[in-house]
Structure formats: C-alpha cells, structure tokens
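Let me begin by presenting the structure, written as structure tokens, before commenting on it.
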Amino acid sequence: MQLLVEVSRRRTGSFLAAGAPQSTAARSSRAPGAARRDIILSDSVGDGGGNDVYRDEVLRAWESVDDSLDNLLRRLAGARASCFSSATIQQNLQLLLLIRDYQVNGHVAAKLDPLGLDGGTAATDEGRLDLGLYGFTEADLDREFFLGDVWRMPGEERARAVLTLRDVLGVLQRAYCGSVGYEYMHINDGDKRSWLRDRIEAAAGAEPGDAYGRERRLAMLEKLVWATRFESFAAAEYPTAKRYSLAGGESLIPAMEEMFSRAASLGVESVVVGMAHRGRLNFMVNVAGVPLSQVFRELSTGGLFMPVEVEGSEEETYAGTGEFYVLAGASRDRPTRGGGAGRSSLHLSVLANPSHLESVLPVVAGKTRAKQFYSGDGGRTRNMAVVVHGDGGFSGQGVVYETLNLGALPGYTAGGTVHIVVNNRIAFTTEPGAGRSSRYCTDVAKGLGAPVFHVNGDDPEAVVHVCELAAEWRQAFHSDVVVDLICYRRAGHNELDDPTFTQPVLCEVIKKHPSSVEIYEKKLLGTGQVTSEDVQMIHGRVDRILNEELAKSKSDEHLMANKRDYHWLSAQWAGMKSPDQVSRVRDTGVKPDVLRRVGPAITALPESLKPHRAVKEMFEQRRRAVTAERGEGIDWGFAEALAFATLLLEGYHVRLSGQDVQRGTFCHRHAVVHDQETRGESYCPLHHVVPDQNPEQFTVCNSLLSEYAALGFEIGYSMENPNSLVLWEAQFGDFANLAQVMIDQFLSCAEAKWLRQSGLVLLLPHGYDGLGPEHSSAYLERFLQMSDDNPFVIPEMEPTLCKQIQECNWQVVNLTTPANYFHALRRQIHREFRKPLIVMAPKNLLRHKDFRSSLSEFDEIQDHPGLDDEEGSRFKRLIPDHHKQVEKGINRFILCSGQVSRPVD
C-alpha cells in the first residue's frame with residue numbers, strides 16, 4: 001500500500017513555510033514548488049532494503065521546512081524500521097497537518113457571535129478542522145503520537161515527545177475556537193508567527209481563572225457598569241439627543257482602559273486616538289476623562305455649549321454647534337493601572353472626527369509621527385496611535401487601505417497603529433452581505449500582513465486580552481494590528497432612528513438578549529471571586545456619581561469654573577492668536593550675509609557624487625546666482641530652497657511630501673540628487689545647512705500614489721506643533737480632487753469647526769500648459785468659493801490693525817515672482833497665528849527667463865527692491881507696473897497674477 005501525504009496551501013495554508021524561522025541554508029536549498037508537493041512513501045520505508053535511497057531522497061526534500069520539523073524528520077531518516085513504521089510516519093505527519101489547520105482556520109469555528117445567529121461557521125467550511133479528513137476517528141483520541149520538538153503543550157518548559165490526540169485537540173480548541181478567532185498565519189515573517197503562536201497557545205494552557213485576579217476583575221466590571229449605565233442614564237435624561245450609543249458593544253470601554261495601562265507599562269507615554277461616532281461620548285467620559293457634567297450640559301442644549309476662553313483675549317470665542325459635542329476632540333493626561341517598569345499616567349489626544357467615515361485615520365498617523373519627531377522618539381515606542389472603526393467603514397472606505405499602506409514607508413511610519421473595529425455587523429441599515437465581498441470586514445488588513453483578532457463582545461475578559469495582546473504586538477514589532485470586536489447595536493444608527501424598518505427579526509433577538517454586564521456579573525458571581533455585595537456597591541457608586549454630575553450640569557456657576565477645553569492648550573500652541581486678536585505683521589526678509597552663507601551650502605555637491613549632467617548644471621547656475629555681486633536669476637525652485645534653508649538655520653522643522661517631490665514633477669527642485677553610477681547613492685543638500693544637522697529636521701519624502709491618505713497624514717502632522725513648515729505637493733493640481741474630503745473636512749473648516757489651527761501649505765501645479773485637461777487646472781475657483789472672507793466688508797489695511805487673513809479660513813495665492821513665494825513660505829512661520837496656504841504653483845514659469853528674482857528682493861536692506869517703505873520686506877500683495885510712459889489716458893486697470901502677467905507684458 002502507498003501513503004499519500006498532500007501538503008497543500010488549499011487545506012492548511014503554507015504548511016511548509018509556517019512556524020519557526022528557517023535557516024539560511026534551508027532557505028537557499030528550497031526547490032521550486034517545495035511548499036506544495038506530494039510525498040509518496042511505501043509500506044517498506046525504513047525496512048533497510050532497496051527503498052532506503054528513495055526514503056532518503058523524500059526526507060531530504062523536507063529540508064526547507066521549519067527547523068523544528070526538520071529536526072524530527074532528520075531523526076526519522078536515521079531511525080530503524082523497528083522504531084517507526086510507515087503508518088506511524090503517516091499518522092504523525094497528519095497530526096501536524098491538523099495542528100496547522102487549527103492555527104490557520106480555527107477562527108471559522110470560534111464562538112464569535114454574541115447573538116448566536118451565525119449557526120456555526122465551521123460547517124460551511126468543508127475540509128477544515130475535520131478529524132476524518134486526516135484519517136482520525138474518536139477511537140484515536142487517547143492514542144499517543146510522536147511530535148518531538150515540533151509542538152509542545154503550553155506551560156511545559158520542554159517539549160514532550162509523546163502526546164495524546166485528546167490533549168492536543170483540547171489545547172487547540174481552547175486556543176483557536178473559543179471566544180477569540182485568530183488570523184495570523186498569513187504573516188510572512190516566521191518570527192512574528194511564532195511570537196503570536198506562543199502567546200495564543202500558552203494562554204489556552206492556563207487554568208481557568210489564572211488570567212485575572214479578583215482586583216482586576218472588579219476593575220473591569222466597574223468599567224463595564226460605567227459604560228452600560230452611562231448609555232441608559234443618558235437615554236433616560238436626554239431621549240431626543242443623538243449620542244450614537246455604544247449599547248451592545250460596552251466591552252470596548254474596559255478593554256481600552258486595560259490596553260492603555262498595558263501600553264504604559266511597555267513604555268508608551270502618549271496615545272493619539274481617532275474614533276468614529278459609535279461609542280465616542282462613552283469613551284470620552286469613561287476613558288478620556290471628559291467631565292460628565294460638561295457632556296450632560298451639551299446634551300441638554302442640543303449641542304450648543306458655552307464659548308471657550310482663549311488666553312490673552314478679552315472675549316470668549318470658538319463656540320461650536322450641532323453635533324460638535326459628539327465629534328469634538330480632547331487632550332488630557334489620565335492615570336493608568338501601572339505595573340512593571342512603565343508609567344503611571346498617559347497623555348491622550350483624541351482627534352476631532354468628521355462624519356466622513358475613516359477620514360481621521362491618516363490624520364491620527366500624521367499627528368503620531370509628528371509627536372515622535374518632536375519628542376525624539378526615534379524608536380517609535382513612546383507615542384502610539386489607536387483608531388476605533390466601524391465595520392462598514394473599515395471594509396468600505398478606500399482611505400483605510402491607503403493608510404495601512406503608509407504604515408511601513410520610511411517617511412510615514414508611526415511604528416504601527418492599533419485598530420479596533422466596533423463590529424455591529426450592520427452599517428446604518430446595510431447588512432454585511434450587501435456591504436462587502438469578503439468574509440470579514442477586516443480582511444483588507446491581511447493584505448498588508450497585519451494580524452487580526454476576532455473576539456466575542458459578550459466576553460469582556462477575552463476582549464481585554466486581545467486588546468492587551470495588540471498593544472504588546474505593536475510595541476514588539478512596530479506594525480499594525482487589528483482587533484475585530486464582534487458585537488451588536490441595541491438602538492438604530494442614532495437614537496432617533498428606528499432599526500425595525502429594515503431589521504425587525506434582528507431587533508427582536510437583541511431585545512431579548514442580556515447585556516454584557518449582566519453576563520459578566522453572572523460569570524463572576526459563579527466563580528466566587530466576586531460577591532453580590534461587590535456588584536451592588538459598584539452599581540450604587542456609579543448611580544450616585546451620575547446623579548451628582550447631572551445636578552452640576554444644571555449649575556452655571558459650576559460650568560463657568562470648569563469649562564471643557566476644546567482649543568489647543570498644548571504647550572507648543574501657547575501664544576497663538578485667535579481671529580479676534582490682532583496679530584503684529586512681521587517682516588520675512590533675511591540678512592544678505594545669511595543668504596550668501598546658506599546659498600553656497602545648498603548648492604554644493606560632494607566631489608565623490610556623480611550627478612546627472614543637467615542637475616549639475618542647474619546647481620552651478622544657482623551657486624553663481626547667489627554668489628554674484630548682483631545676485632540675479634533666482635528661479636522658483638531656488639527661492640523655495642532658500643526659504644527652507646533659512647528656516648532650518650533658525651531652528652524650524654521643514655517637511656515636504658507628495659508624489660515625486662524629491663525631484664519635482666517638472667524637474668525644478670532636485671532636493672535629492674542621485675549618483676548616476678552607483679545605485680542607491682544620493683545626497684540631500686538641505687541636510688547640511690547647519691553642522692551635525694538631524695536629517696529629519698528637513699524631511700522630503702516621495703509619497704505612495706495616494707492623495708486622500710497622504711494629505712490627511714500631513715494635516716495631522718501640521719496640527720502637532722506650530723513651529724514647523726509642513727507642505728504637501730500634488731503631482732498635478734487636478735489630483736487634489738482625490739483629497740477633497742480632507743480639504744473639506746479638516747482644512748477649510750479647521751478653525752471654525754474643530755477649533756484647530758494649521759499652517760499646512762498645499763502646492764498645486766496649475767496652468768493650461770499642455771498635457772491635456774486632466775493635468776491642467778488646480779480648480780482655483782473651488783478654493784475661492786470655499787474661502788469665508790466677507791465680501792461686504794472692506795478690510796482694514798493699516799498694518800497695526802489688519803486682521804483680514806486672521807479672520808479668513810485660509811489663504812489662496814497665485815504667485816508672480818519667486819521672491820514672493822519665498823516670503824509666502826517664511827510668512828507661514830513668522831506670524832502669531834497659523835492658516836493653511838493654498839498655492840497655485842506655476843508650471844511653464846518655473847524656468848521662464850522673466851520669472852526670476854534678484855537676491856535683493858529677499859533681504860531687508862533699505863532701498864533694495866525687497867524692502868517697501870510701507871510694507872517692509874515681506875510678501876507683496878501688489879507688485880506695481882513701472883511703465884510710467886503710458887500713465888496718461890489709462891481708462892482700464894487690469895489686475896493679474898502668475899503666468900497671466902507675462903503674456904500681458
């Protein structure tokens with residue numbers, strides 16, 4: 001009889017490639033197709049006869065598998081027939097395949113649905129986790145099998161060579177088919193798979209009750225009671241207010257509480273949080289620490305709340321309306337449980353979240369990356385990003401994939417994000433079958449190698465466990481991880497929506513289903529660790545505080561003394577002026593000797609570098625322009641470089657990103673010069689403005705082919721610290737179309753809607769200079785339409801009183817000279833407030849002979865063209881025409897800007 005052992009990706013995933021990391025020799029000896037082969041062994045394997053050679057060939061074919069399995073097979077290769085028969089080899093290999101099947105596919109049999117409506121998914125996955133498919137029956141449960149070093153029982157220091165099938169299945173079912181379903185075998189890195197497998201299977205081997213003691217269980221219960229009672233209390237007091245209730249997914253609150261404590265114990269000091277509507281108020285109160293009285297007051301006024309005081313202003317400003325109380329952000333320090341060598345407190349920054357689903361995701365990543373830069377967190381271990389998603393948004397919004405794809409890019413990585421999906425299994429009224437083509441809403445993350453932990457929301461301890469595991473993964477591997485919190489929604493999309501129109505049967509099941517806190521209380525009472533008196537004490541304390549805070553919310557005196565902080569109170573933004581405060585206009589010119597010092601520094605290339613001939617010539621021309629006595633011929637690209645260099649010299653951070661920005665779409669920048677003979681050799685002149693300059697002080701990074709996520713990242717980056725010039729350049733201005741959500745939701749309305757300032761610069765190449773209609777217009781009219789300058793008010797032009805720019809939402813410019821571009825960039829930093837700057841960047845004027853400036857327009861010397869008696873050395877709103885010979889008889893006055901001014905001449 002012949003034995004056929006098929007190792008196929010179809011049944012078990014990559015069996016041969018999975019497990020412990022392979023040795024270098026093993027990897028190099030892998031034959032094509034080694035991960036998918038049929039191995040045929042005869043009954044006489046090991047009989048010492050003519051099949052010895054064939055046996056040796058077959059076993060050598062396994063040398064490319066995991067080290068542990070390789071060791072086992074090598075021992076078999078040298079064993080005598082009296083030790084191992086062909087049947088023994090067959091059965092042991094089949095057991096190994098069964099173990100791998102659980103590790104790959106155990107999640108399909110996990111008990112993930114708190115409502116029990118899925119009917120058990122394993123039955124629909126024919127060919128998975130079936131003993132019969134591996135040649136086993138119930139009669140084999142107590143048989144012993146030889147596994148050697150390949151797999152060991154959790155909790156044992158060394159592998160036991162012989163195990164019963166029953167013992168193995170017990171651990172596998174507890175590990176992979178309980179309240180958590182793990183997906184991690186798709187990860188290419190063997191070390192990462194082994195790290196997770198050890199923790200998953202070790203937890204399964206622990207005795208029930210070992211994981212958490214009485215004190216931690218009481219703490220989790222109290223948070224669960226708080227999450228549940230907040231929703232029911234608010235529903236009773238404010239039945240018509242939109243709260244986007246967390247009811248049905250309350251285990252999120254204790255899980256995030258414990259996850260933050262675990263993260264703090266691992267060295268995390270600051271967490272940036274992005275969160276959708278569902279459960280946001282609950283999180284703000286019970287995790288972020290926003291005072292209950294403030295939230296109750298805002299619920300009672302339908303979203304209107306008292307204005308916010310700004311330091312240095314005699315008036316109150318920045319009052320939000322509508323659902324702002326649900327969508328607004330918060331920033332505060334909060335205590336953690338402590339333990340280990342970690343911190344006892346953590347800073348939480350919860351970002352404002354617009355209704356456009358998932359758009360906050362790249363903003364969180366950008367702000368986290370900025371925090372890491374400013375805190376010197378090069379290892380990306382002290383600042384962590386956490387985003388809470390909805391299931392429909394995670395699978396449906398393309399910005400999720402775009403942002404996941406940013407995760408490992410050098411200029412964008414923030415050391416991994418913890419993603420938590422509050423999976424109601426319904427998006428407004430659309431059910432999963434109509435909302436996605438994949439099995440899980442989280443499947444998009446698997447394409448980028450992120451592990452996914454599916455967990456039953458009615459098991460709070462399991463939810464806490466996977467959230468803590470997610471924090472540990474992030475700190476260990478600095479990459480993304482996803483927790484899929486499978487729960488349900490007791491109310492409609494909001495409290496005014498009736499879900500019975502579209503899901504009547506589901507609503508009836510949910511109505512009869514006990515809450516998570518009821519299920520957990522029953523479990524704890526059953527263990528004997530918690531008494532009914534403990535439960536009653538927690539409920540009494542929570543109800544008492546809720547009623548006290550409700551009373552405070554009705555007291556104007558209390559609220560005036562404890563206003564909710566919605567504006568930027570972080571230390572970096574202190575002193576920034578509001579629109580109601582007059583800001584002094586500053587000159588942006590630079591001393592000539594500074595320009596002549598930085599100019600040569602940023603035009604010099606190492607002698608060992610072999611640049612492109614055209615690039616070398618361009619740098620030589622720039623060097624001549626800045627060192628010549630008259631300093632003429634400075635073009636757009638060089639003016640930009642001078643602005644960057646002078647800001648770097650003054651200690652400011654400059655970050656430029658976008659598609660192809662290192663070279664520039666139109667070859668005008670060349671911020672990074674590449675060696676023409678050595679692959680990978682390059683030089684960035686702006687990294688050498690000051691001695692021992694931190695390379696990240698000037699960051700120029702080509703982005704992935706994305707506008708939505710790439711711009712969102714830079715918006716988040718610009719929100720962290722005002723002392724940085726952050727720029728995003730579109731390859732062509734038209735492509736900003738794909739980032740319109742970010743422009744609408746985070747940039748145009750940042751100050752009026754979210755009470756946040758941003759000095760982000762958008763460079764949008766604009767002009768009908770060929771390449772067709774798809775590469776021509778940056779839609780200047782769209783940005784002008786979105787400007788909120790009052791057309792019926794003539795602005796005050798007196799320099800000491802001028803507030804026109806402060807009172808607008810942003811600035812839109814179409815520049816005519818390189819010098820004005822230089823001043824516009826420096827002006828972004830040298831003022832007492834921040835506004836976005838939208839630049840209609842030129843195309844054919846980048847090298848136009850008439851589109852040049854002299855060095856004197858950049859400096860602050862009296863009588864030089866750059867210094868105006870009234871305006872000083874700064875950005876010029878009006879550049880006068882000097883054709884005095886035609887002043888008489890003028891009956892039409894034309895205002896023009898950018899390239900239009902040249903054809904008119």
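These figures come from a predicted structure and were not determined experimentally. Positions are given from 1 along the sequence.
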Between L825 and L647, the two heavy atoms sitting closest are O-CD1, 4.5 Å
Axial cation check for Y717 ring with R655, 6.0 Å and 45° limits: yes
Check: R874 and H830 side chains under 4.5 Å, non-hydrogen atoms: no
Hey, could you give me the NZ/CD distance between K577 and Q806, rounded to the nearest 0.5 Å? 7.5 Å
Keeping N702 on the side-chain end and Q662 on the backbone end, is there a donor-acceptor pair under 3.5 Å? yes
Salt-bridge contact R669-E640 (side-chain N to carboxylate O under 4.0 Å): yes
Would a distance-only check, ignoring hydrogens and angles, find a side-chain to backbone donor-acceptor pair under 3.5 Å from W573 to M719? yes
With distance as the sole test, does R334 use its side chain to make a donor-acceptor pair with the main-chain N or O of A288 at under 3.5 Å? no
Atom CD1 in I743, atom SG in C749: separation rounded to 0.5 Å? 11.5 Å
Side-chain donor/acceptor of R834 to backbone N/O of I829, under 3.5 Å: yes
Are the side chain of Q828 and the backbone of K835 linked by a donor-acceptor contact shorter than 3.5 Å? yes
Aromatic contact between F732 and H775, with the criterion being ring centroids under 6.0 Å apart: yes or no? yes
W728 vs I715, side-chain contact (heavy atoms from CB on, under 4.5 Å): CA-CA, chis, key distance, verdict: CA-CA 9 Å; W728 177 78; I715 290 172; over 6 Å; no
Ring-face cation contact, F283 with R280, 6.0 Å cut, 45° max: no
If the plane angle is over 60° it's perpendicular, under 30° parallel, otherwise tilted; pick one for H389 and F394. perpendicular
Could you check whether any side-chain N or O of D480 sits under 3.5 Å from a backbone N or O of T417, counting only pairs where one atom can act as donor and the other as acceptor? yes
Ignoring hydrogens and angles, tell me if any N or O in the side chain of T413 forms a donor-acceptor pair with the backbone of L409 under 3.5 Å. no
Under the criterion side-chain hydrogen bond (donor to acceptor under 3.5 Å, both in side chains), I'd like the reasoning laid out for N820 against R877: C-alpha separation, chi angles, the key distance, then a yes or no. CA-CA 9 Å; N820 238 12; R877 294 189 176 198; over 6 Å; no
Less than 6.0 Å separating the ring centroids of W810 and F783? yes
Do the non-hydrogen side-chain atoms of T817 and F822 ever get within less than 4.5 Å of each other? no
Ignoring hydrogens, what is the shortest heavy-atom contact between S718 and L760? Give both atom names and the distance. OG-CB, 4.0 Å
Surrounding CZ of F833 (heavy atoms of other residues, nucleotides or ligands, distance under 6.0 Å), is the total greater than 12? yes
Just checking, any donor-acceptor pair under 3.5 angstrom between side chains of H347 and S331? yes
Between E696 and Q372, do the side chains contain an N or O donor and an N or O acceptor separated by less than 3.5 Å? no
Supply the atom-to-atom distance S787 OG to Q811 CD, rounded to the nearest 0.5 angstrom. 10.0 Å
Run the ring-centre check on Y244 versus H493 and record whether the distance is less than 6.0 Å. yes
Taking all non-hydrogen atoms of both residues, which atom of D734 and which atom of Y779 are closest, and how far apart? CA-CE1, 4.2 Å
Using modelled atom types only, decide if a donor and an acceptor are shared between the side chain of H766 and the backbone of A778 within a distance under 3.5 Å. yes
Determine yes or no for a side-chain-to-main-chain donor-acceptor pair under 3.5 angstrom, with N494 supplying the side chain and K242 the backbone. no
Separation between CG (D788) and SG (C808), nearest 0.5 Å, reads 6.0 Å
Please answer whether the main-chain N or O of Q731 pairs with a side-chain N or O of T665 as donor and acceptor at a distance below 3.5 Å. yes
Scanning both residues in full, the closest heavy-atom pair of R474 with R380 reads NH1-O, 2.8 Å
Student check: side-chain heavy atoms of M742 and S359 closer than 4.5 Å: yes
Pair V273-V387, side-chain contact (heavy atoms from CB on, under 4.5 Å): steps then yes or no: CA-CA 6 Å; V273 181; V387 182; over 6 Å; no
Do Q659 and S703 have a side chain donor and acceptor closer than 3.5 Å? no
Side chain to side chain, H653 and F698, heavy atoms closer than 4.5 Å: no
Is the cationic atom of R827 (NZ for Lys, CZ for Arg) positioned less than 6.0 Å from the six-membered ring centroid of F875 and within 45 degrees of its normal? yes
For R369 and E720, run salt bridge (Lys or Arg N to Asp or Glu O under 4.0 Å): C-alpha distance rounded to whole Å, both residues' side-chain angles, the deciding distance at 0.1 Å, then the answer. CA-CA 9 Å; R369 171 76 178 223; E720 172 59 18; over 6 Å; no
Does the side chain of I838 come within less than 4.5 Å of V813's, by heavy atoms? no
Do H419 and L404 have side chains that get closer than 4.5 Å, going by heavy atoms? yes
Do T442 and V444 have side chains that get closer than 4.5 Å, going by heavy atoms? no
Side chains of Q745 and K753: is there a donor and an acceptor less than 3.5 Å apart? yes
Could you pull out the closest heavy-atom pair between S657 and Y412, with the gap in Å? CB-OH, 3.4 Å
Is V290 close to V295 at the side-chain level, that is, under 4.5 Å between some pair of heavy atoms? yes
Rounded distance [0.5 Å steps], CG in L780 versus CG in N814: 6.5 Å
State the OG-CE distance between S897 and M840, to the nearest 0.5 angstrom. 10.5 Å
With respect to N353, which candidate in E358, H277, M275 satisfies the side-chain contact (heavy atoms from CB on, under 4.5 Å) definition? H277
Give the intermediate values and the outcome of salt bridge (Lys or Arg N to Asp or Glu O under 4.0 Å) for residues E650 and R826. CA-CA 11 Å; E650 294 164 3; R826 286 182 50 82; 2.9 Å; yes
Do you know which two heavy atoms are closest between L762 and L711, and how far apart they sit? CD1-CD1, 4.0 Å
Would you say the rings of H356 and Y708 are close, in the sense that their centroids are separated by under 6.0 Å? no
